[in-house]
Amino acid sequence: MDTDLAQPRLDNAAILAGLNAPQQQAVAAQATHLRVIAGAGSGKTRVLVHRIAWLVLNKQLAADSVLAVTFTNKAAAEMRKRIQTLLGAAARTMWIGTFHGITHRIMREHALAMGLPRNFQILDSDDQLRIIKRIIRGLEFDEEQVEPKRAQHFINRHKDEGRRYAHLSHDVPPEQTYFMQVYERYERHCQRGGLVDFAELLLGVYELWQQRPDILQGFQQRFAHVLVDEFQDTNAIQYKWLRALCGPQTHITVVGDDDQSIYGWRGAKVENIHGFAQEFPESLTIRLEQNYRSTNAILAAANALIQHNEARLGKQLWTEGVKGELLSLYGGFNELDEARFIVDRTRKWLQQGGALNDVGILYRSNAQSRAIEQSLRQANLAYKVYGGLRFFDRAEIKDVMAYLKLLVNQHDDTALERVINVPPRGIGERTLLQIREHAKSAQLSLWQAAQQISTGMTGKAGRGLVQFFALIERLMAQLPSITLPQLTQQVIQDSGLLAYLKTQPGEKTYARIENLNELTSAVTQFVENLGSLTEVSSQYADKNLPHFLAEIALDAGERDVQDNQCIKLMTLHSAKGLEFPLVFLAGLEEGLFPHHRSLNTKELLEEERRLCYVGLTRAMRKLYLSYAEKRAFSGNVGINRPSRFIEEIPNALLEKLNTNNTVRPALSAPVKSSSSMFKQAKHLGSEFPFKMGQTVMHPRFGEGVVIGGEGSGQMARVQVRFAQTGEKWLALAYAKLTAL
DNA sequence: AACCATCGACTTTTT
DNA sequence: GTCGATGGTT
């Protein structure tokens, strides 16, 4: 797709060559601000890259007066690579990075002004959760009532919106007062420890700019052009941050597709791209609607589907390419039948000369992969499941990382707690409790507290502590004289992690040991790359290690999807930005896709539809849609109607393979009012195991009476009035209700 | 302190 | 069904 070659002499003709008219307009737009609505497969990255080249060439810009922001490291790396191809070495000094990477860089530069220690640490969500758990325990809250995950979500949601504890109204629903207290303590904890979570990177820099207009002005003057990729995914704080950065002289270019906005649930605001023209009156909007990826049939289906959304800027994808095959729809008897169908058609594809890595199998939720994997294994087809646990999130890797963190900062309590008894060295819960108590009362870090306590200690725990201190100190002493890969090896060996792993039985042990080896090669790779970056460090671990830790914290470890000679399985969310000649979109069932938790509000439902749109537009040549009439879920069997999204695709584009089944068509609209729920329940009939007014038994809530119901299959819920607990909505798929 | 059994949860995910 | 957390037991 990309035929860019290094040009000996780059001129405008070369930059614009091979681009269609709207692409050229976007690349060379003179408007103060620019919004590019870039449909799927319309050459978005290409336009972004060529625009940067055009700007540098025509506006005589210094390369470092351009700032290009993306969401993922992968996108940033790709962009830098392609700019390098066009502009050569000039791309080196250009500010290209993720929101978090760039704010991290700014934060390092201005740590002092932000009241941060020079060696501030970045928390990943795992670290964050651990801290929150500790705080909840410290406050002596019941973890049942104040769930750590929800507290984390509470904190992150507010920070992503730019709200500190101090900004919050204290007039909140009672259940949130707990979260408020956790938030307050969490803020203090991070402040004290020099800990920075992901949201803090953005929020911290934003606040710095608010408090120090001089610093802000410096950045405003430095960047003549700011370009933002995937603008539809920006959240509130990212938007505020960008808004602040745009001074009177700044030009901003945003690129995105409101129809592919699928991250509303984690705070992304489609409004940002929708309202751009109002917010930036001197702006031009250009639509890229010519698609270079899919057949006409696929695009027609995608266009038809997305037209059911109201909240959109509007656009129609088209192609000069072939009409292509119709989409095929298969209604499986159950999820295994669906999987067999997928295997069958994959085989057919291979027989016709297709390749394994042409194939992408996409689904709404991870759990769906199991049945498909099973069938693929039986058929001996090579596949890989993308998503799930990231490399650096694996327990054994995090253990090693925690040791490395401790070497940089012994007062990193989170890291210490993680590894003080991993591998087991006799330091149990009681000892740990003692250490925590002492740390709390004497205002010490756990490291300090442990050292003080260990002096009077004899026995197993005491020996374990001494051994642990000796290990850390010995490794610390080596930092200035060994390389980072050597250090990593030492940690793996000397900590006893490797030896301990080897003694553990279980099939996963081998994979874990492999992971540790892979970590060493990742570290080696990091050190090699370091030489080519601007921040050249000495080869020794004392200099490299802090950089490495920051890098890893900001690295999702995105795996390269493209090359592997195998079938790719992934969720629709992870498939965004990818393309496959042959795509299976599985599990098109009401309740699963659209997901039952998105059925009740229009906004969520439209996001589901956009997700479906993303799925359809991944396909280049052939697209299969499928659903299962019955699907096993958490041990239960759910009966689902085919997804409404199927109906939203014109019949003329669909070849129906096996849909002569017993399942009735989808509900045309979500159930809204409670009275209609009530009616619905009465008429639900066979698949609804309870009648109105029936007495039922619940293992936890006891006896109750059915007073309402809604939905069917996986989304079926009943309302029950319990004697003790009052009225509750219970999902039939989860609740173990028995009729009395 | 380590191990085992039982219980419960269960959309999507980058930084 | 399966993973992870928890609580009770050894």
Side-chain angles (χ1 to χ4, degrees), chain A residues 69-76 97-104 122-128 133 143-144 147-149 156 159-160 196-202 230 233-235 237-238 262-268 335 362-371 374 386-390 392-393 395 421 423-432 459-461 464 504-505 508 550-558 570-577 587 591-599 604 607-608 610-611 614-615 631-637 699-700 714-715 731 733-736:
Chain A
V69 197
T70 64
F71 276 86
T72 66
N73 291 303
K74 194 171 136 199
T98 63
F99 276 102
H100 295 88
I102 284 164
T103 45
H104 178 231
I122 295 178
L123 297 178
D124 62 28
S125 15
D126 200 71
D127 301 331
Q128 188 187 35
K133 273 187 186 157
E143 277 185 57
E144 294 262 293
E147 293 165 62
K149 278 255 170 63
N156 286 336
K159 291 186 84 166
D160 280 342
V196 170
D197 62 38
F198 291 135
E200 184 68 30
L201 289 164
L202 272 296
E230 304 277 20
D233 288 338
T234 48
N235 67 24
I237 189 65
Q238 287 159 345
I262 55 175
Y263 287 113
W265 53 273
R266 65 178 197 211
E335 76 274 12
L362 313 181
Y363 37 78
R364 176 66 235 263
S365 66
N366 286 309
Q368 284 172 256
S369 75
R370 218 173 29 101
Q374 201 180 322
Y386 289 82
L389 215 47
R390 298 170 297 175
F392 283 99
D393 282 343
N421 199 35
R425 40 175 82 85
I427 304 161
E429 203 44 50
R430 283 180 61 132
T431 317
L432 216 46
K460 206 156 61 162
Q504 295 298 101
K508 286 186 179 155
E551 173 111 344
I552 293 313
L554 294 177
D555 180 19
E558 297 134 311
M570 67 188 81
T571 64
L572 288 156
H573 283 92
S574 344
K576 189 166 152 218
L592 186 59
F593 191 30
H595 196 269
H596 66 93
R597 281 156 88 154
S598 303
L599 291 175
L604 291 178
E607 182 153 310
E608 295 282 312
R610 292 194 291 267
L611 193 55
V614 166
R631 184 176 294 276
F633 184 79
S634 349
N636 293 323
V637 178
R700 213 165 82 224
Q714 210 156 15
M715 54 180 274
Y734 297 121
K736 294 186 182 81

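Given the structure is predicted, the values throughout are model-derived calculations rather than measurements. Throughout, a chain's letter reflects where its sequence line sits, starting with A, and its residues are numbered from 1. Reckoned from all heavy atoms, side chains included, excluding hydrogens, waters and symmetry mates.
Rounding to whole angstrom units, CG of residue Asn156(A) and C1' of dT14(B) are separated by 12 Å. Atom C1' of nucleotide dC10(B) and atom CD of Gln368(A) are separated by 13 Å, given to the nearest angstrom. Phe593(A) has its CZ atom 21 Å from the P atom of dC10(B), to the nearest Å. Atoms CZ (Phe71(A)) and C1' (dT13(B)) sit 12 Å apart, rounded to a whole Å. Atom CG of Asp126(A) is separated from atom P of dT13(B) by 17 Å (rounded to the nearest Å). Following rounding to the nearest Å, Ile262(A) (CD1) and dT14(B) (C1') show an atom-to-atom distance of 12 Å. Here the C1' atom of nucleotide dT14(B) and the CD atom of Gln238(A) are 10 Å apart, to the nearest Å. Protein atom NE2 of His100(A) is 17 Å distant from nucleotide atom P of dT13(B), rounded to whole Å.
Contact annotation: Asn366(A) side-chain N/O to dT13(B) OP1/OP2 distance is under 4.0 Å. In this structure, Asn73(A) does not reach the dT14(B) phosphate: none of its side-chain N or O atoms is under 4.0 Å from OP1 or OP2. In this model, the phosphate group of dT13(B) is approached by a side-chain N or O of Ser574(A) to a distance below 4.0 Å at OP1 or OP2. Put simply, Thr98(A) has no side-chain N or O that comes within less than 4.0 Å of OP1 or OP2 on dT14(B).
Residues that satisfy the salt bridge (charged side-chain N to carboxylate O under 4.0 Å, His left out) test with Glu200(A), not counting sequence neighbours, are Lys159(A), Arg164(A).
What you find for Asp233(A) and Gln238(A) is that their closest heavy atoms are O-OE1, 3.9 Å. The two residues Ala75(A) and Thr70(A) make their nearest non-hydrogen contact at CB-CB, 3.9 Å. Taking all atoms of both residues into account, the shortest heavy-atom contact from Ile122(A) to Ala553(A) is CG2-CB, 3.7 Å.
Both Ile427(A) and Leu572(A) lie near DNA chain B, and the one whose nearest nucleotide falls closer to the 5' end is Ile427(A). Nearer to the 5' terminus of DNA chain B, by closest-nucleotide assignment, is the contact made by Arg425(A) (compared with the other of Arg425(A) and Arg266(A)).
Within 4.0 Å (heavy atoms only), Asp124(A) reaches no atom of the nucleic acid at all. No engagement by Glu230(A) is indicated, since no non-hydrogen atom pair under 4.0 Å with the nucleic acid exists. Residue Asp197(A) is out of contact with every strand shown, counting any heavy-atom pair closer than 4.0 Å. Among the protein residues, Ser598(A) comes within range of the nucleic acid bases, having at least one heavy atom under 4.0 Å from a base atom.
Aromatic ring centroids of Trp265(A) and His573(A) lie under 6.0 Å apart.
Considering only side-chain atoms of Asn421(A), the nucleotide from dA2(B), dT14(B), dT12(B) that sits closest is dA2(B).
Formation of a donor-acceptor pair under 3.5 Å by the Asn156(A) side chain with backbone atoms of Ala199(A) is not found in this model.
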Atom pairs, N/O to N/O, protein against nucleotides 1-8 of chain C, distance under 3.5 Å?
{"residue": "dG1(C)", "atom": "O3'", "partner": "Arg370(A)", "partner atom": "NH1", "Å": "3.4"}
{"residue": "dG1(C)", "atom": "O6", "partner": "Ser634(A)", "partner atom": "O", "Å": "3.4"}

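Taking a cutoff of 4.0 Å between a charged side-chain nitrogen and a carboxylate oxygen, Glu335(A) and Arg370(A) do not qualify as a salt bridge.
Using a 4.5 Å heavy-atom cutoff, the side chains of Glu230(A) and Tyr263(A) are not in contact.
The aromatic ring of Trp265(A) is stacked on the base of dT12(B), with the two ring centres less than 5.5 Å apart and the planes inclined by under 30°.
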